Peer 1: 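Quick one: structure below, then a few questions.
Because the structure is a prediction, the values reported are computed rather than measured. Chain A is the first sequence line, chain B the second, and so forth, proteins listed ahead of strands; every chain is numbered from 1.
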Number of protein chains: 2
Amino acid sequence: MPREIEPGKLPPSSCRECQIAPFTIYGPTIREAPNKICQLRCETRKVSAGRTLLREGDIPQKIHVIYSGWALYYKQLSDGRRQIASFLLPGDTLMLEAICFPRLPAPFSVKALTDVAICGFTTTDMITLLHGSDAQERKFSRARHQLLRFLHSRLFDLGRRSARGRLAQLVLELCARVKTRGMMADDGSFSFPPRQEHLADALGITTVHVNRTLAQLRREGVFSIEGGRLSVHDEEALRQIAHEE
Amino acid sequence: MPREIEPGKLPPSSCRECQIAPFTIYGPTIREAPNKICQLRCETRKVSAGRTLLREGDIPQKIHVIYSGWALYYKQLSDGRRQIASFLLPGDTLMLEAICFPRLPAPFSVKALTDVAICGFTTTDMITLLHGSDAQERKFSRARHQLLRFLHSRLFDLGRRSARGRLAQLVLELCARVKTRGMMADDGSFSFPPRQEHLADALGITTVHVNRTLAQLRREGVFSIEGGRLSVHDEEALRQIAHEE
DNA sequence: CGTACAATTGAGTGAGTTCAAGTGGGGTGG
DNA sequence: CCACCCCACTTGAACTCACTCAATTGTACG
């Protein structure tokens with residue numbers, strides 16, 4: 001059975017059968033009362049690659065969760081410079097912040113990297129849901145905390161790490177996220193839609209330099225990206241680079 | 001009357017007379033019911049420069065608000081590398097996050113840059129207080145949102161801006177924060193305790209390079225730091241550099 | 001007057017950039 | 001089915017911003 005969900009594929013009509021639901025913010029509820037989620041879900045929609053899901057400054061009307069495909073979470077300047085804060089994978093919540101501060105403008109934009117399918121909930125329903133049980137409340141709290149930890153570690157990466165170190169860190173992080181969602185193939189590779197341009201914008205370096213760094217790590221047998229798939233060949237070395245540089 | 005509060009000076013016994021209170025997270029309550037704050041305050045303490053107020057991984061027991069002095073909010077690596085996420089000024093809350101996720105370990109450390117005086121509140125009291133009125137709730141929500149915006153803009157700075165641009169951005173931000181707290185002297189200068197080393201760790205560059213960049217901006221007549229005070233000479237130029245580079 | 005720490009300056013190096021040209025695969029239209 | 005084009009990726013060469021190492025100056029403090 002294929003663990004990878006094709007980008008843009010719509011979710012099953014019943015959330016009970018959704019293979020991603022257990023990994024979402026409402027995972028605890030799925031286990032306890034799966035029907036609740038189906039009832040609250042007010043939208044399922046496919047968004048084509050490149051489309052903007054949310055523009056910086058807009059006030060998010062709904063909370064969306066990604067079912068299939070990858071998205072970007074970024075800040076753009078008029079002169080073309082862009083900083084990608086993170087990639088969003090199946091199971092991730094768009095604008096987790098919006099749940100905490102509804103009615104406040106988004107501090108960044110979100111766009112689809114591949115074709116994407118999303119499930120929508122009203123903000124109020126989501127808030128009620130997330131405070132519905134102890135387990136659910138804990139999960140929500142942990143998720144917000146992780147977001148903050150994540151931002152701080154990215155701050156550290158961008159400020160103090162070399163291109164190699166940042167790249168290794170990013171790959172390691174994505175690996176971990178892909179693994180927990182059961183999207184890792186048996187041979188240790190996984191679907192990797194970002195272009196070198198996206199990596200550059202995430203790492204704060206140029207595409208040319210991403211290319212060279214990638215080539216070096218490939219030559220060293222650490223990991224490689226080929227045909228839209230990433231394979232880690234030497235996880236130990238990867239960890240070391242991510243940790244030390 | 002002096003607007004600047006001497007680092008390490010203890011707050012007045014009554015919060016009603018505190019000149020910083022209106023700018024804190026509990027500002028709305030100070031206006032409506034100043035006595036409430038005095039009653040909840042369970043600690044006032046002086047901390048010497050260099051002392052650690054909170055270590056990464058610790059679980060914060062109280063919420064502290066700075067009355068006088070500056071503090072640092074940072075992440076340290078064993079090999080000496082450090083990334084300062086931001087500076088904390090009088091009126092700022094230590095671990096605003098702790099209010100949102102009590103009982104979770106701090107994702108970074110906080111240490112006193114100068115002598116510092118702080119007021120302490122129990123986490124539960126603070127949470128109750130912050131949800132005590134509509135105005136208070138809005139203020140809290142806005143503060144958390146600003147924190148997030150701030151982290152995102154720092155991410156952008158570190159990723160995509162030159163040393164000059166980052167420095168200008170930082171100075172501009174600190175200026176704004178100092179101004180709103182009424183700590184700006186009439187001649188447009190203000191007390192600036194950070195050493196070049198701190199700026200380096202905040203900006204993700206070396207002290208040597210901070211020094212050169214600072215020297216260049218001084219030569220250009222944009223701003224200068226002298227005798228622990230920062231004076232902006234050409235705010236227009238500063239804005240332009242901060243915005244464009 | 002010595003010590004200590006912050007700021008400054010110089011010289012050499014290196015990581016990452018810019019500009020520019022070339023490769024290769026996949027899709028499309030003739 | 002081939003020619004063409006487009007896009008992502010790749011490579012080279014020159015350059016520059018920022019780093020490292022190291023020495024010097026200035027300043028506060030005992």
Side-chain angles (χ1 to χ4, degrees), chain A residues 48-50 70 72 79-84 113-114 157-170 191-220 223-230 241 244-245, chain B residues 7 48-50 70 72 77 79-84 113-115 157-170 191-220 223-231 241 244-245:
Chain A
S48 308
W70 285 42
L72 295 176
D79 64 2
R81 283 182 298 180
R82 176 170 69 167
Q83 178 65 45
I84 295 177
L113 171 59
T114 63
D157 287 354
L158 291 178
R160 302 268 111 169
R161 258 194 259 269
S162 68
R164 251 168 88 84
R166 291 183 218 180
L167 188 49
Q169 188 70 32
L170 178 64
S191 166
F192 193 78
R195 308 278 126 204
Q196 293 184 355
E197 177 198 344
H198 298 118
L199 296 179
D201 285 341
L203 302 174
I205 55 180
T206 55
T207 44
V208 177
H209 197 56
V210 165
N211 185 287
R212 292 193 226 273
T213 311
L214 234 32
Q216 198 194 343
L217 289 168
R218 191 190 314 130
R219 273 196 306 275
E220 292 173 14
F223 71 88
S224 61
I225 300 172
E226 245 190 297
R229 298 189 69 80
L230 191 152
I241 295 166
E244 295 188 354
E245 291 180 17
Chain B
S48 308
W70 285 42
L72 295 176
L77 242 66
D79 64 2
R81 284 182 296 181
R82 176 169 72 168
Q83 178 65 45
I84 294 177
L113 172 59
T114 64
D115 284 353
D157 286 354
L158 291 178
R160 300 269 110 168
R161 261 194 258 268
S162 68
R164 251 169 87 85
R166 290 183 217 181
L167 188 50
Q169 187 71 33
L170 178 63
S191 165
F192 192 79
R195 308 277 127 204
Q196 293 184 356
E197 177 197 345
H198 299 118
L199 297 179
D201 285 340
L203 301 175
I205 56 182
T206 56
T207 45
V208 177
H209 197 56
V210 165
N211 184 287
R212 292 193 224 274
T213 312
L214 234 31
Q216 197 195 343
L217 289 167
R218 191 192 313 131
R219 274 197 304 275
E220 291 174 15
F223 71 88
S224 61
I225 300 172
E226 245 188 298
R229 297 190 69 80
L230 192 153
S231 331
I241 294 165
E244 295 188 353
E245 291 180 16

Peer 1: Mapping B/Arg219 and B/Arg160 onto DNA chain C by nearest heavy atom, which one lands closer to the 5' end?
Peer 2: B/Arg219

Peer 1: Using a strict heavy-atom distance below 4.0 Å, which residues from residues 205-218 of chain B are in contact with DNA chain C?
Peer 2: B/Val208, B/Asn211, B/Arg212, B/Arg218

Peer 1: Nearest whole angstrom, please: distance from the C1' of C/dA6 to the CD of B/Glu197.
Peer 2: 9 Å

Peer 1: In whole Å, I'd like the distance from the CD1 atom of A/Ile241 to the P atom of C/dA15.
Peer 2: 14 Å

Peer 1: Can you tell me how far the CG atom of B/Leu199 sits from the CG atom of B/Leu214, to the nearest 0.5 Å?
Peer 2: 6.5 Å

Peer 1: So, the side chain of A/Thr114 versus the backbone of A/Trp70: is there a donor-acceptor pair under 3.5 Å, distance only?
Peer 2: yes

Peer 1: List in chain and number order the residues that pass side-chain hydrogen bond (donor to acceptor under 3.5 Å, both in side chains) with B/Gln169, two or more places apart in sequence or in another chain; answer none if no residue qualifies.
Peer 2: none

Peer 1: Determine the minimum heavy-atom distance between A/Arg218 and A/Ser224, stating which atoms define it.
Peer 2: CG-CB, 3.6 Å

Peer 1: Please determine whether a side-chain nitrogen of the Lys or Arg among A/Arg81 and B/Glu244 lies less than 4.0 Å from a carboxylate oxygen of the Asp or Glu.
Peer 2: no

Peer 1: B/His209 side chain to B/Thr206 main-chain N or O, any donor-acceptor pair under 3.5 Å?
Peer 2: no

Peer 1: Ignoring hydrogens and geometry, is there a side-chain-to-backbone donor-acceptor pair from B/Arg166 to B/Arg161 under 3.5 Å?
Peer 2: yes

Peer 1: Indicate yes or no for a side-chain donor-acceptor contact from A/Gln83 to the backbone of A/Asp201 under 3.5 Å, with no hydrogens or angles considered.
Peer 2: yes

Peer 1: Quick check for you: name the first and last nucleotides of DNA chain D, 5' to 3', having an atom under 4.0 Å from a heavy atom of chain A.
Peer 2: D/dA8 to D/dA13

Peer 1: Starting at CZ of B/Phe192 and ending at P of C/dA6, how long is that distance when rounded to a whole Å?
Peer 2: 15 Å

